[in-house]
Amino acid sequence: MIEAVDISKSYKGKSVLDSVNFSLLTGESAVIVGRNGAGKSTFLSILAGYLRPECGQVSIDKKNAAFCPQDDNLFDELTVKDNLLFWARACESSGSFNNEPAPNLAELFEVETYIHKKVRHLSGGMKKCVAIICALSNNADVLILDEPFSGLDIFYKNTLLSAFRRLKASGKCIIYTSHNLDEIMGLDNKVYTLTNGKLTYMDTLEKDSNYELIRNSLLEFSKP
């Protein structure tokens, strides 16, 4: 479904990604953890086609992929409803709209309670919810999300985890970044760390016995 081979990228002579390899199949999810500036956002932007690597190749159907960057791309002076309509129509006009039903994220996130508000009047968490819904408007099979839980309260975090489970069950492929152990453990994820330009596979959270092993490893990794 998605594959990256020998991806490298540097900024001002400093290597951010060094021959990174990654693959994810239908119905799988992966989370990438790493310190600020480790290159997580750069890697996701390359997977989504927003950035070009200096070398290496990415195999992905960009018309069937959705990308939600860390910074939202909403129109502040438009209402939530107008933003949702814009991105839904943009996906349809680009030929990437899928008529198959997807989980009703707008209903899950209770967007109807602020549907007529201008985006500039929303809280950071509300903006994040709207940005996620807009990004997934094309019901893509590959979902790439940079810090999707950032700014969300516990209700919306649980709502997003529930939506991820439903999307995975329907065959979607999900890759996201996170700093929070609860978000990492919330799905049967493949867990990767990105440090010094290297992407390292840790384990797959498929069995309860893996929880403590990965939790302890991530806590050790996050120490200053």
Sub-3.5 Å donor-acceptor pair from the side chain of [X] to the main-chain atoms of [Y], do we have one?
{"X": "N64", "Y": "A140", "answer": "no"}
{"X": "D82", "Y": "L78", "answer": "no"}
{"X": "S45", "Y": "S41", "answer": "yes"}

In terms of side-chain heavy atoms, does [X] have a donor or acceptor partner in [Y] at a distance below 3.5 Å?
{"X": "T177", "Y": "D146", "answer": "yes"}
{"X": "K168", "Y": "S29", "answer": "yes"}
{"X": "S150", "Y": "Q70", "answer": "no"}

Side-chain polar contacts of residues 115-123 - donor-acceptor pairs under 3.5 angstrom, sequence neighbours left out - could you list them?
from	atom 1	to	atom 2	distance (Å)
R120	NE	E77	OE1	3.1
R120	NE	E77	OE2	3.1
S123	OG	M126	N	3.2

Does the side chain of [Y] come within less than 4.5 Å of [X]'s, by heavy atoms?
{"X": "T79", "Y": "N83", "result": "no"}
{"X": "I60", "Y": "L47", "result": "no"}
{"X": "V142", "Y": "I144", "result": "yes"}
{"X": "K127", "Y": "D76", "result": "yes"}
{"X": "C173", "Y": "I2", "result": "yes"}
{"X": "L199", "Y": "T193", "result": "no"}
{"X": "Y176", "Y": "L143", "result": "no"}
{"X": "D6", "Y": "V20", "result": "no"}

State, to 0.1 Å, how close [X] and [Y] come at their nearest heavy-atom pair, and which atoms those are.
{"X": "A135", "Y": "A66", "value": "O-CB, 3.1 Å"}
{"X": "W87", "Y": "N73", "value": "CZ2-O, 3.5 Å"}
{"X": "I174", "Y": "L167", "value": "CD1-CB, 4.2 Å"}
{"X": "S10", "Y": "E54", "value": "OG-OE2, 2.8 Å"}
{"X": "G39", "Y": "V16", "value": "CA-CG1, 3.4 Å"}
{"X": "N21", "Y": "S19", "value": "ND2-O, 3.4 Å"}

Before we go on, tell me: are the rings of F149 and Y156 under 6.0 Å apart, centre to centre? no
Any chance CG of N196 has more than 12 other-residue heavy atoms, nucleotides or ligands included, within less than 6.0 Å? no
Does a sphere of radius 6.0 Å around NZ in K81 hold more than 12 heavy atoms from other residues, nucleotides or ligands, not counting ones at 6.0 Å or beyond? no
For Y192, does the six-membered ring have the charged nitrogen or CZ of K190 within the cation-pi criterion, i.e. under 6.0 angstrom from the centroid and within 45° of the normal? no
Euclidean distance, [Y] [atom2] relative to [X] [atom1], rounded to 0.5 Å:
{"X": "E110", "Y": "C129", "atom1": "CD", "atom2": "SG", "value": "9.5 Å"}
{"X": "S15", "Y": "K9", "atom1": "OG", "atom2": "NZ", "value": "11.5 Å"}
{"X": "L24", "Y": "E3", "atom1": "CG", "atom2": "CD", "value": "11.0 Å"}

Under the ring pair (Phe, Tyr, Trp, His ring centres under 6.0 Å) test, residues paired with F67 that sit two or more places apart: Y50
Partners passing ring pair (Phe, Tyr, Trp, His ring centres under 6.0 Å) against F155 (at least two apart in sequence or in another chain): none
Is the closest basic N to carboxylate O distance between K172 and D141 below 4.0 Å? yes
With clusters defined by side-chain heavy atoms of hydrophobic residues (ILVMFWY) lying less than 4.5 Å apart, directly or transitively, does [Y] cluster with [X]?
{"X": "L17", "Y": "Y11", "value": "yes"}
{"X": "V5", "Y": "I7", "value": "no"}
{"X": "L145", "Y": "L161", "value": "yes"}

Going through the distances and angles, do L84 and V111 end up as a side-chain contact (heavy atoms from CB on, under 4.5 Å)? CA-CA 10 Å; L84 295 175; V111 171; 4.2 Å; yes
Is there a side-chain contact (heavy atoms from CB on, under 4.5 Å) between L194 and V33? Walk through the geometry before answering. CA-CA 6 Å; L194 182 58; V33 298; over 6 Å; no
I need the single residue from L74, I133, D72, L152 that forms a side chain to side chain contact (heavy atoms under 4.5 Å, CB included) with K128. Which is it? L152
Which is it for E147 and S178 under the side chain to side chain donor-acceptor pair (under 3.5 Å) test, yes or no, and what are the steps along the way? CA-CA 5 Å; E147 295 287 348; S178 177; 5.1 Å; no
Let's go through Y201 and F22 carefully: what are the C-alpha distance in whole Å and the side-chain angles of both, what is the deciding distance for side-chain contact (heavy atoms from CB on, under 4.5 Å) to 0.1 Å, and is it a yes or a no? CA-CA 9 Å; Y201 171 64; F22 174 83; over 6 Å; no
Check the pair V130, F109 against side-chain contact (heavy atoms from CB on, under 4.5 Å), reporting the backbone distance first and the verdict last. CA-CA 9 Å; V130 176; F109 285 115; over 6 Å; no
